Number of protein chains: 2
Amino acid sequence: MSQNINKDIVTLNNIKIACSSCSLHDLCLPLGLHGDDLKRLDTIVSRTHPIKKNDAIFRQGDHFEAFYAIRSGSIKTVTIANDGSEQITGFHLPGEIVGMDAITGSCHPCSAIALETTSYCAIPFHELECLAAKLPSLQHQLLSIMSQEISHDANLLMLLGKKTADERLASLLLSLSNRYSQRGFSATEFNLSMSRNDIANYLGLAVETVSRLFTRFQDKGFIKVDGKFVQLLAMDELKGSVIECHRHKIG
Amino acid sequence: MSQNINKDIVTLNNIKIACSSCSLHDLCLPLGLHGDDLKRLDTIVSRTHPIKKNDAIFRQGDHFEAFYAIRSGSIKTVTIANDGSEQITGFHLPGEIVGMDAITGSCHPCSAIALETTSYCAIPFHELECLAAKLPSLQHQLLSIMSQEISHDANLLMLLGKKTADERLASLLLSLSNRYSQRGFSATEFNLSMSRNDIANYLGLAVETVSRLFTRFQDKGFIKVDGKFVQLLAMDELKGSVIECHRHKIG
DNA sequence: CGCTGCTTTGAACAACTTCAACTTCTGTGG
DNA sequence: CCACAGAAGTTGAAGTTGTTCAAAGCAGCG
């Protein structure tokens, strides 16, 4: 948490930070762009003031105008079914882009809600599209990022379709660990910005189950939990537990 | 089944069918393209001979070269985890495009396997990208189709994360119904080209459960099943059962 | 005709959920 | 700064849902 808060302060002081000098540019859309191309992208991207926890970047049904790149903090994307039930379809960390599911329908099919104080960049889609037509490397990067999103979703499908409760939580923790470390944070300890409820919803489990899983993982010595702060003590065992629980499904 | 087989014969006789005269062109990539633009796309698309059941369009790990549009028949996309377990991530009908998850990694993260005799078009990605840079409407259609894929996956996530077994099967049947009717087939009766095993895998259930569900739905009078042939007798009840089972999750 | 593989059915079992009670945390106002 | 109310998280016990195991029925194919 403290790390993220510090990060916010830094970015607050640099609202006008450009893509070229953004520490996330090799995780984000600018990847592979250089020189003038990067400057051209810069001109269409707009930075906003940070939003508070529970505020929305966009809400389900909002007209689609732009992609949004998380700069600091974190968000969840949530879909509300016609019957009122909610499904969290993803947690998004700095450098990740949301809104890519909205091109077809011209309306956002999900809401993007801040899990903590969060700042982001807006990339107007129409302008992006025009620019991409002129810059092949941007077009490629755009397609590539969308492709990545598709294959990421397929992994998640695998998770929800096949895995036991243990595997699901282990997968989430490992995924966060991976992504935090890519962003220069520790791979073995971090704060969960989402509530147990959010985790349960995302993993398709009951809150109570998630709570019990944290306890069990701790009892086994795989992790250490203190509220939202988590330490991964035995990464290999975590990875192993994902595979182990799978064994009975083989063949 | 018979309908699909007939369809194959027709397409066999017309291997050189162009996008412009393809009955699927308003479900597929050419949507929104006209005149010369469509002809330009035509020049890069190559049609292949049909493949047999269980043959692959591409296999997981294959180098990514092209998108593939299903022209007739049907396929499943399957990911194999490192532990050997398989997850079916989608069933694809004529007019649908597969391979879009491979751009990032340059290798296909899943295999595309024919569920029956299937013919398809290959759209070389490099050429497509170059063409898209020249044709804004093609670029837009490309992004739009990928966006659609992302939001489709999000729906599936919802399905696997939240829904009961009944809801899952009902959702699949309704989705197939929708897609068949879009393609000019009956919305209320069709042949399932996939096995019960495939369905179970896709829905994250045991085969036995799927089998029991079919029986239960039939007992309730929602559907009539005879092997692979299914008739949807009470669409509203099916839709209703999806919502009804959801009620307890609200609030 | 008899095999093989797919599907169905039954019964026991396990995993996860639900319900309920209790504890801990958080933020707000006195 | 503390007290308190409400939210979030944890824990136990009972209940469901779906899985697993086992076996029998069917269909396609040599």
Side-chain angles (χ1 to χ4, degrees), chain A residues 1 5 52-54 76 85-86 88 115-117 159-170 191-219 223-230 241 244-251, chain B residues 1-2 5 52-54 76 85 88 115-117 159-170 191-219 223-230 241 244-251:
Chain A
M1 178 78 91
I5 284 175
K52 297 194 312 292
K53 182 171 174 171
N54 291 323
K76 61 180 172 184
S85 67
E86 295 191 354
I88 295 177
L115 293 168
E116 59 192 309
T117 302
L159 191 154
L160 292 178
K162 278 262 151 357
K163 298 184 180 174
T164 65
D166 301 68
E167 292 177 286
R168 295 184 197 194
L169 186 61
N191 279 288
L192 300 167
S193 53
M194 66 295 285
S195 69
R196 297 285 193 271
N197 234 306
D198 286 340
I199 295 176
N201 183 306
Y202 178 68
L203 297 178
L205 301 169
V207 204
E208 294 93 328
T209 308
V210 170
S211 181
R212 278 184 257 267
L213 285 173
F214 273 114
T215 317
R216 197 187 324 160
F217 276 10
Q218 183 161 246
D219 290 348
I223 65 174
K224 183 153 185 344
V225 196
D226 180 18
K228 296 200 173 287
F229 184 69
V230 180
S241 88
E244 208 171 315
C245 300
H246 251 298
R247 264 199 325 235
H248 62 288
K249 304 260 187 176
I250 304 175
Chain B
M1 177 78 92
S2 59
I5 284 174
K52 295 194 314 292
K53 181 171 175 170
N54 291 323
K76 60 180 174 185
S85 68
I88 296 176
L115 293 168
E116 58 192 309
T117 302
L159 190 155
L160 292 178
K162 280 260 149 0
K163 297 185 182 177
T164 63
D166 301 68
E167 293 178 285
R168 294 184 198 195
L169 185 61
N191 279 289
L192 300 167
S193 54
M194 66 293 286
S195 69
R196 297 287 193 270
N197 232 308
D198 286 340
I199 295 176
N201 183 306
Y202 178 68
L203 298 178
L205 300 169
V207 205
E208 295 92 330
T209 307
V210 170
S211 180
R212 278 184 257 266
L213 285 173
F214 272 113
T215 317
R216 200 189 319 161
F217 277 9
Q218 182 161 247
D219 290 350
I223 64 174
K224 183 148 186 351
V225 196
D226 179 19
K228 297 202 171 286
F229 183 68
V230 180
S241 88
E244 207 172 314
C245 301
H246 252 296
R247 266 200 323 237
H248 63 286
K249 303 261 187 177
I250 303 175

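In what follows, chains are A, B, ... by sequence order, proteins preceding strands, each numbered from 1. Only this structure's heavy atoms are used, side chains among them; waters, hydrogens and symmetry mates stay out. Computed from a prediction, not measured in an experiment: that's the story for all the values here.
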- Task: Please round to 10 degrees the angle between the axis of the first five pairs and the axis of the last five pairs in the helix from C:dC1-D:dG30 to C:dG30-D:dC1.
- Result: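 Comparing the first five pairs with the last five, the axes sit 40° apart.
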
Residues two or more places apart in sequence or in another chain: which of them pass side chain to side chain contact (heavy atoms under 4.5 Å, CB included) with [X]?
X: A:Ser211; answer: none
X: A:Lys53; answer: none
X: B:Leu169; answer: B:Leu173, B:Ile199, B:Leu203, B:Leu213, B:Phe214, B:Phe217

Write down the atom of [X], the atom of [Y], and the distance for their closest heavy-atom approach.
X: B:Val225; Y: B:Gln218; result: N-OE1, 2.8 Å
X: B:Ser193; Y: B:Glu116; result: CB-OE2, 3.4 Å
X: A:Lys228; Y: A:Met194; result: NZ-O, 3.2 Å
X: B:Thr209; Y: B:Ala165; result: CG2-CB, 4.2 Å

Euclidean distance, atom [atom1] of residue [X] to atom [atom2] of [N] [Å, nearest integer]:
X: B:Leu169; N: D:dT17; atom1: CG; atom2: P; result: 17 Å
X: B:Lys163; N: C:dT17; atom1: NZ; atom2: P; result: 17 Å
X: B:Leu213; N: D:dG18; atom1: CG; atom2: C1'; result: 9 Å
X: A:Leu160; N: C:dC16; atom1: CG; atom2: P; result: 13 Å
X: B:Leu203; N: D:dG18; atom1: CG; atom2: P; result: 12 Å
X: B:Gln218; N: C:dT8; atom1: CD; atom2: C1'; result: 12 Å
X: B:Leu192; N: C:dT7; atom1: CG; atom2: P; result: 10 Å
X: B:Leu205; N: C:dC16; atom1: CG; atom2: P; result: 14 Å

- Considering residues at least two apart in sequence or located in another chain, which fulfil the salt bridge (charged side-chain N to carboxylate O under 4.0 Å, His left out) criterion with A:Arg212? none

- Does anything in residues 192-201 of chain A pair up under salt bridge (Lys or Arg N to Asp or Glu O under 4.0 Å), and if so which pairs, sequence neighbours excluded?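 Listed once each, the pairs are A:Lys76-A:Asp198.
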
- Pick the nucleotide of DNA chain C nearest each of A:Ala206 and A:Asp226; which residue has the one closer to the 5' end?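 Residue closer to the 5' terminus by nearest nucleotide: A:Ala206.
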
Can you tabulate the close N/O pairs, meaning under 3.5 Å, that link protein atoms to atoms of nucleotides 5-15 of chain D?
residue: D:dG9; atom: OP1; partner: A:Arg196; partner atom: N; Å: 3.3
residue: D:dG9; atom: OP2; partner: A:Arg196; partner atom: N; Å: 3.3
residue: D:dT10; atom: OP1; partner: A:Arg196; partner atom: NH2; Å: 3.4
residue: D:dT10; atom: OP2; partner: A:Arg196; partner atom: NE; Å: 3.0
residue: D:dT10; atom: OP2; partner: A:Ser211; partner atom: OG; Å: 3.0
residue: D:dT10; atom: O5'; partner: A:Ser211; partner atom: OG; Å: 3.0
residue: D:dT11; atom: OP2; partner: A:Thr215; partner atom: OG1; Å: 2.8
residue: D:dG12; atom: N7; partner: A:Arg212; partner atom: NH1; Å: 2.8
residue: D:dG12; atom: O6; partner: A:Arg212; partner atom: NH2; Å: 3.4

